[in-house]
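Chain letters run A, B, ... following the sequence lines, proteins first and then strands; every chain starts at 1. Computed from a prediction, not measured in an experiment: that's the story for all the values here.
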Amino acid sequence: MKEPNIVLEARDLNVDFHNPDRTVKIVNNVSFSIARGETLGIVGESGCGKSMTSLAVMGLVPKPGKATGQVLLEGTDLLGLPGKELRKIRGNRISMIFQEPMTSLNPVFTVGDQLMEVFRLHQNASKAEAREKAIEALRMVNIAMPEQRFGEYPHQLSGGMRQRVMIAMALSCDPQVLIADEPTTALDVTIQAQILELMKDLKERLGTAIMLITHDLGVVSQVCSRVVILYCGQVIEEAPVEEIFGDPLHPYTRGLLRSLPAIGRREKLYVIPGSVPGARDFPTGCVFHPRCERACGRCREEAPPFFDRGGGHRCKCWLYDTGEGGLTHG
Amino acid sequence: MDDRQKKVLLRVRGLKKWFPIHRGITSRVAGYVKAVDDVSYDVYQGETLGLVGESGCGKTTLARTSLRLLEPTAGEIQFDGQDFRALGRRELRQARKNMQIVFQDPFGSLHPKMKIGRIIEEPLIISGVKDKAARRKRVEELIVRAGLKTEHLDRYPHEFSGGQRQRVVIARALATNPKLIICDEPVSALDVSVRSQILNLLEELQESLGLTYLFISHDLSVVEHICDRVAVMYLGQMVELGTREQIYGGMLHPYTKALLSAIPLAGGEKRERIALEGDIPSPAKPPEGCRFHTRCPYVAEVCKTVPPFEDAGEGHRVACHRWRELAGTK
């Protein structure tokens with residue numbers, strides 16, 4: 001499965017929080033890779049570890065958490081890098097946009113100042129150069145009258161506009177990887193459509209690999225080419241987007257899709273029994289077994305490995321055990 | 001809902017809610033935010049009327065003003081045949097027994113220091129049920145109805161998950177046997193697998209208790225699932241109102257079309273989007289004439305005048321000058 005143009009690869013990524021009494025595992029042996037120009041969707045409900053996975057990739061796991069494993073950006077392991085080296089990479093070769101465009105911009109600096117900082121820091125640009133590049137970046141994300149917006153403060157912009165500024169900032173150094181953590185969750189549908197369109201367009205123009213974290217399966221279906229489904233800190237299924245929606249394998253993925261109200265279909269909604277367990281009491285065996293309709297004795301005792309179904313579709317569920325043994329790791 | 005008798009439960013005519021904008025040290029009124037501006041609609045007994053629109057379009061203000069939780073600036077309201085605006089404070093409190101609200105945020109709408117039992121009991125105390133044993137009996141009945149257990153009554157809100165809390169909020173709303181329940185984004189804060197549980201619960205309760213819902217949501221697929229009729233709002237006004245089939249099968253207003261085409265569909269084909277340019281204008285300075293004309297792809301000269309909210313047949317109402325010409329276009 002080694003492809004030549006893989007830009008980002010996570011191998012056996014773990015995030016543990018060490019408390020005095022016990023250690024809580026938030027992310028458990030997560031592996032995935034993203035190729036150049038590809039959009040990978042990381043999907044899961046709240047508390048499944050999707051945001052923590054993205055923070056681990058950026059080296060931003062808050063204390064007392066600790067990320068272990070490997071995060072390879074074009075072969076360099078980011079987890080092993082000292083802070084100084086990492087700062088050169090973050091915001092330059094790999095950057096991130098967050099859910100809240102309201103709080104991720106500094107309210108006391110103008111949009112222009114905040115954009116210029118990126119160029120001054122990472123490209124040693126002079127003030128005049130930085131200004132020019134900042135305005136160019138605003139133009140790239142289709143902001144009308146960029147010269148005027150340059151001097152405005154974040155509160156003067158609408159939510160959609162702020163998210164555009166965040167994207168301009170994130171893409172300003174032409175990064176190889178863009179991590180987008182729920183970039184459209186706080187926005188209205190019409191604005192969401194604009195932002196998704198913009199991200200798609202920029203990805204095609206700049207060839208950036210995008211790691212899109214979301215809980216919205218609709219968004220995934222529109223923009224992603226491959227999908228990773230997380231549950232209780234583990235990857236339980238990974239597949240190309242058509243297969244996730246056309247032929248989902250894991251009972252959890254199937255349940256999620258069936259519980260979506262779809263336009264034009266008005267039957268009683270399917271309900272996955274129970275609720276997502278907290279990180280302190282992740283079940284033993286298969287993490288999904290307490291809520292799974294098809295759980296058997298084996299599921300309660302033994303955690304399933306990945307079973308490869310071909311075509312890049314793999315799934316962690318005993319139902320797909322062919323007897324040949326699963327993949328030991330992804 | 002086929003045998004629905006068309007009894008009007010809530011009749012609203014020409015409702016306005018203008019919030020004054022104060023300026024300067026003398027707090028002179030410098031203008032008004034026209035959050036709800038001349039809205040008329042009926043809610044029939046036993047139906048679910050969906051109220052959709054983007055944030056800031058006045059959905060919540062309309063619902064609250066319709067029940068006099070906010071005092072209207074102008075307009076007529078009839079609830080169950082009674083002139084609702086003529087009621088004095090004490091009468092209003094009595095009348096309120098018949099209407100309850102389920103809020104979006106199940107974390108903020110439950111008092112953290114009150115036990116669940118006390119929370120559900122409170123509306124009964126307020127509405128004057130003196131007998132303690134009777135109250136307790138009713139509370140026990142309600143919690144079971146909402147799908148929780150009686151032993152949960154002695155616990156505190158923090159011990160529950162988001163979905164369970166929303167069940168408590170629903171149990172509380174049912175306490176006084178209301179006729180009308182406003183559901184203000186009841187499932188927006190919940191995860192997909194929990195969302196379907198709450199939607200199913202709301203439907204079951206409606207069937208067994210004959211409830212009427214005013215269902216506010218920005219999620220059009222949820223609205224399609226649960227509502228009998230749908231009203232679309234834009235900048236403080238209704239732009240389209242019709243049955244579910246009329247709206248989702250043959251919407252007439254360009255805004256409704258854009259809104260529907262913007263929803264990312266899970267597993268659906270990637271659709272042709274009607275992309276709206278720009279953001280929603282400020283309700284303090286709404287555009288002259290048709291309020292949507294600044295973003296409408298079909299804008300014409302005639303759109304500079306205010307369109308009537310006219311009947312397009314079988315109770316399907318639309319506020320657009322050009323709906324007849326546009327009826328054939330997708």
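A donor-acceptor pair under 3.5 Å is absent between the side-chain atoms of N200(B) and the main chain of V271(A), judged by distance alone. Between the side chain of Q197(B) and the backbone N or O of I272(A) there is at least one donor-acceptor pair closer than 3.5 Å.
The neighbour count for E314(B) CD, taken as heavy atoms of other residues, nucleotides or ligands under 6.0 Å away, does not exceed 12.
The line from CG of D216(A) to CG of D219(B) is 8.0 Å long, rounded to the nearest 0.5 Å. Rounding to the nearest 0.5 Å gives a distance of 10.5 Å between NE2 of H218(B) and CG of L187(A). Rounded to the nearest 0.5 angstrom, L260(A) CG and S193(B) OG are separated by 10.5 Å. To the nearest 0.5 Å, the span separating CD1 on I263(B) from OG1 on T190(A) amounts to 11.5 Å. L269(A) contributes atom CG, which lies 8.5 Å from atom CD1 of I226(B) (distance to the nearest 0.5 angstrom).
Neither the backbone nor the side chain of E242(A) comes within contact range of chain B, judged by heavy atoms closer than 4.5 Å. For Y270(A), the part lying near chain B is the backbone, with the side chain staying farther off; criterion is any non-hydrogen pair under 4.5 Å. The part of Q194(A) that comes within reach of chain B is its side chain, from C-beta onward, which places non-hydrogen atoms under 4.5 angstrom from that chain.
Listed here is the closest heavy atom pair of I191(A) and R295(B): CD1-NH2, 4.2 Å. Listed here is the closest heavy atom pair of S259(A) and V192(B): OG-CG1, 3.7 Å.
The contact list for residues 49-57 of chain B toward chain A, using heavy atoms and a distance under 4.5 Å, reads E54(B), S55(B) by residue number.
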